[in-house]
Amino acid sequence: MDAHEFGYFTEENSVEVVTNRNKNTQNPRLKEVMEVITRKLHEAVKEIEPTDEEWMHAIQFLTKTGQICDDYRQEYILLSDILGVSMLADAIQSRRPSGATENTVLGPFHVGEVPEMEMGSNICLDQKGEPMLVHGCIRDLAGNPLKGARIDVWQANDEGFYDVQQRGVQPDFNLRGVFHTGEDGRYWFKAIKPRYYPIPDDGPVGQLLGMLGRHPNRPAHFHYLITLDGYQKLTTHIFDPDDKYIHSDAVFGVKESLMAEFKRIDDPAKVKEHGFSDVYYDVEYDFVLAQSTDKETAA
Ligand code: BEZ
Ligand code: FE
């Protein structure tokens with residue numbers, strides 16, 4: 001079809017003209033994506049009717065978002081997070097049978113090559129914060145315990161910072177650990193009671209949140225990345241339901257099923273049994289892994 005059949009670009013035929021111009025796109029997925037994006041974007045512009053000033057403002061926002069990105073800071077992912085796009089994409093990518101633990105955002109603070117620890121170890125390396133016992137079981141959908149599951153956990157400290165945000169202040173790999181389950185599928189480790197914290201808000205995304213009348217905080221949580229051959233990778237958190245931001249997570253990561261009770265334990269017998277010196281917190285949460293689909297195994 002000749003480009004000219006659509007005539008020259010007008011406000012009315014804008015989608016057809018642009019989409020037709022892209023007709024020779026080789027990659028069918030790119031072609032499909034560009035068609036949808038063109039249609040939706042033009043629809044938005046037609047509804048918004050931006051002034052020249054507003055259009056320039058949008059360009060400057062995107063420019064600043066790019067300029068603040070580096071190897072450690074990904075402002076575009078943060079933008080996707082606060083728009084709910086990260087959680088929406090994840091929901092689509094991780095549809096699971098009912099009963100399987102749900103996914104949530106990975107976030108920017110996961111690091112590789114975290115030292116493997118013996119089950120029961122304390123991931124807090126600087127003795128700061130209120131002690132906590134974190135435990136539970138990894139199971140399949142039928143309730144059988146899963147042996148050999150790799151559990152990668154990480155959390156912020158009691159001031160709301162990850163170790164990588166405070167290099168030289170916190171020890172390297174503070175509040176991180178990798179564990180493997182045995183025959184009984186159980187896991188347990190010592191940590192500290194996490195606290196809410198703000199996502200990085202000193203850039204354009206933080207500025208946008210402010211203009212939208214939103215706070216930048218995430219409710220207290222532990223991050224988990226659980227893997228086992230034959231099962232779908234589980235990227236998730238457990239959340240403290242009593243946190244003041246539990247209903248307004250800046251990145252929409254909270255799911256009802258991921259809330260766990262953070263119990264305060266002051267029974268001296270329990271304090272002694274678990275090797276604490278005083279009051280501690282306890283959270284128990286079982287994770288259920290779904291088997292990989294054929295598609296994932298082949299990939
Ligand atoms: C986090 O939980 O570590 C996180 C998630 C999304 C954006 C920023 C931080
Ligand atoms: Fe986090």
Side-chain angles (χ1 to χ4, degrees), residues 65-66 68-91 93-94 101-112 114 123-124 128-129 132 134 151-167 169-170 172-178 189 191-210 212 214-226 233-255 257-260 262 281 283 285 287:
T65 300
I68 203 172
C69 290
D70 61 24
D71 288 351
Y72 302 103
R73 175 89 180 243
Q74 229 309 345
E75 195 79 355
Y76 280 111
I77 297 185
L78 217 49
L79 180 59
S80 161
D81 293 343
I82 67 125
L83 294 177
V85 173
S86 303
M87 280 302 288
L88 179 58
D90 184 64
Q93 290 154 14
S94 62
T101 305
E102 295 185 276
N103 250 44
T104 188
V105 279
L106 175 69
F109 301 120
H110 176 253
V111 304
V114 170
I123 63 171
C124 177
K128 289 189 182 153
M132 185 142 188
V134 186
I151 306 173
D152 184 346
V153 298
W154 65 105
Q155 68 160 117
N157 72 1
D158 64 335
E159 292 172 3
F161 293 105
Y162 288 88
D163 58 348
V164 291
Q165 294 176 289
Q166 289 191 314
R167 289 181 202 276
V169 175
Q170 293 187 46
D172 288 351
F173 301 119
N174 192 33
L175 298 168
R176 298 176 186 275
V178 169
F189 60 91
I192 58 156
K193 188 171 185 282
R195 197 203 89 150
Y196 67 84
Y197 64 83
I199 62 169
D201 64 345
D202 56 345
V205 168
Q207 225 177 343
L208 177 62
L209 280 176
L212 297 174
R214 285 169 57 179
H215 67 75
N217 296 299
R218 300 214 62 211
H221 56 273
F222 288 95
H223 287 260
Y224 285 81
L225 185 57
I226 304 179
K233 176 165 84 176
L234 176 62
T235 305
T236 199
H237 302 359
I238 55 177
F239 290 96
D240 178 357
D242 296 326
D243 190 284
K244 64 175 170 177
Y245 295 112
I246 198 71
H247 301 303
S248 59
D249 183 358
V251 304
F252 307 98
V254 177
K255 293 181 178 178
S257 67
L258 300 178
M259 293 189 209
F262 286 26
Y281 286 82
V283 63
Y285 193 89
F287 295 93

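Along the sequence shown, the residues carry numbers beginning at 1. Order of listing sets the numbers, starting from 1, for every ligand and every atom in it.
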> For Arg195 and Gly160, work out which heavy atoms get closest and say how close.
NE-N, 4.1 Å
> Would you name the heavy atoms of Val114 and Val178 that are closest together and state the gap between them?
O-CG2, 3.8 Å
> What are the atoms of ligand 1, with element, lying closer than 4.0 Å to any heavy atom of Leu78?
7 (C), 8 (C)
> Tell me, with the steps shown, if Tyr224 and Tyr285 meet ring pair (Phe, Tyr, Trp, His ring centres under 6.0 Å).
CA-CA 11 Å; Tyr224 285 81; Tyr285 193 89; 7.6 Å; no
> Have a look around the Fe ion (ligand 2) and list protein N/O/S atoms under 2.8 Å, or say none.
Tyr162 OH, Tyr197 OH, His221 NE2, His223 NE2
> Tell me the closest heavy-atom pair linking Gly203 and Ile68, and the distance in Å.
CA-CD1, 3.8 Å
> Look at the aromatic rings of Tyr162 and Tyr197 and report parallel, tilted or perpendicular, splitting at 30° and 60°.
perpendicular
> Using a 4.0 Å heavy-atom cut-off, say whether Trp154 meets ligand 1 through its side chain, its backbone, both or neither.
neither
> Going by the atom numbers of ligand 1, which of them fall below 4.0 Å from some non-hydrogen atom of His221?
2 (O)
> Could you list the atoms of ligand 1 found under 4.0 angstrom from a heavy atom of Arg218?
1 (C), 2 (O), 4 (C), 5 (C)
> In terms of atom number and element, which parts of ligand 1 are under 4.0 angstrom from non-hydrogen atoms of His223?
1 (C), 2 (O), 3 (O)
> Can a side-chain donor-acceptor contact be found between Ser257 and Glu102 if the only test is distance below 3.5 angstrom?
yes
> Which of the atoms in ligand 1, numbered in the order shown and given with their element, are less than 4.0 Å from a heavy-atom of Asp81?
6 (C), 7 (C)
> Counting from 1, what ligand 1 atoms have a heavy atom of Phe109 closer than 4.0 Å?
3 (O), 9 (C)
> Counting from 1, what ligand 1 atoms have a heavy atom of Gly107 closer than 4.0 Å?
4 (C), 5 (C), 6 (C)
> Looking at Phe189, I'd like to know if the NZ or CZ of Arg176 sits under 6.0 Å from its six-membered ring centre while staying within 45 degrees of the ring's axis.
no
> For Pro108, take its heavy atoms, then give the atoms of ligand 1 lying under 4.0 Å from any of them.
4 (C), 5 (C), 6 (C), 7 (C), 8 (C), 9 (C)
> Under the 3.5 angstrom rule, does the side chain of Arg218 hit a backbone N or O of Ala250 as a donor-acceptor pair?
no
> Using the ring centroid of each side chain, check whether Tyr196 and Tyr245 are separated by less than 6.0 Å.
yes
> Considering only non-hydrogen protein atoms, determine which one is nearest to atom 3 (O) of ligand 1 and report residue, atom name and distance to 0.1 Å.
Tyr197 OH, 2.8 Å
> Can you label the angle between the Phe239 ring and the His237 ring as parallel, tilted or perpendicular, going by 30° and 60°?
tilted
> Taking Gln170 for its side chain and Phe161 for its backbone only, find out whether a donor-acceptor pair lies under 3.5 Å.
yes
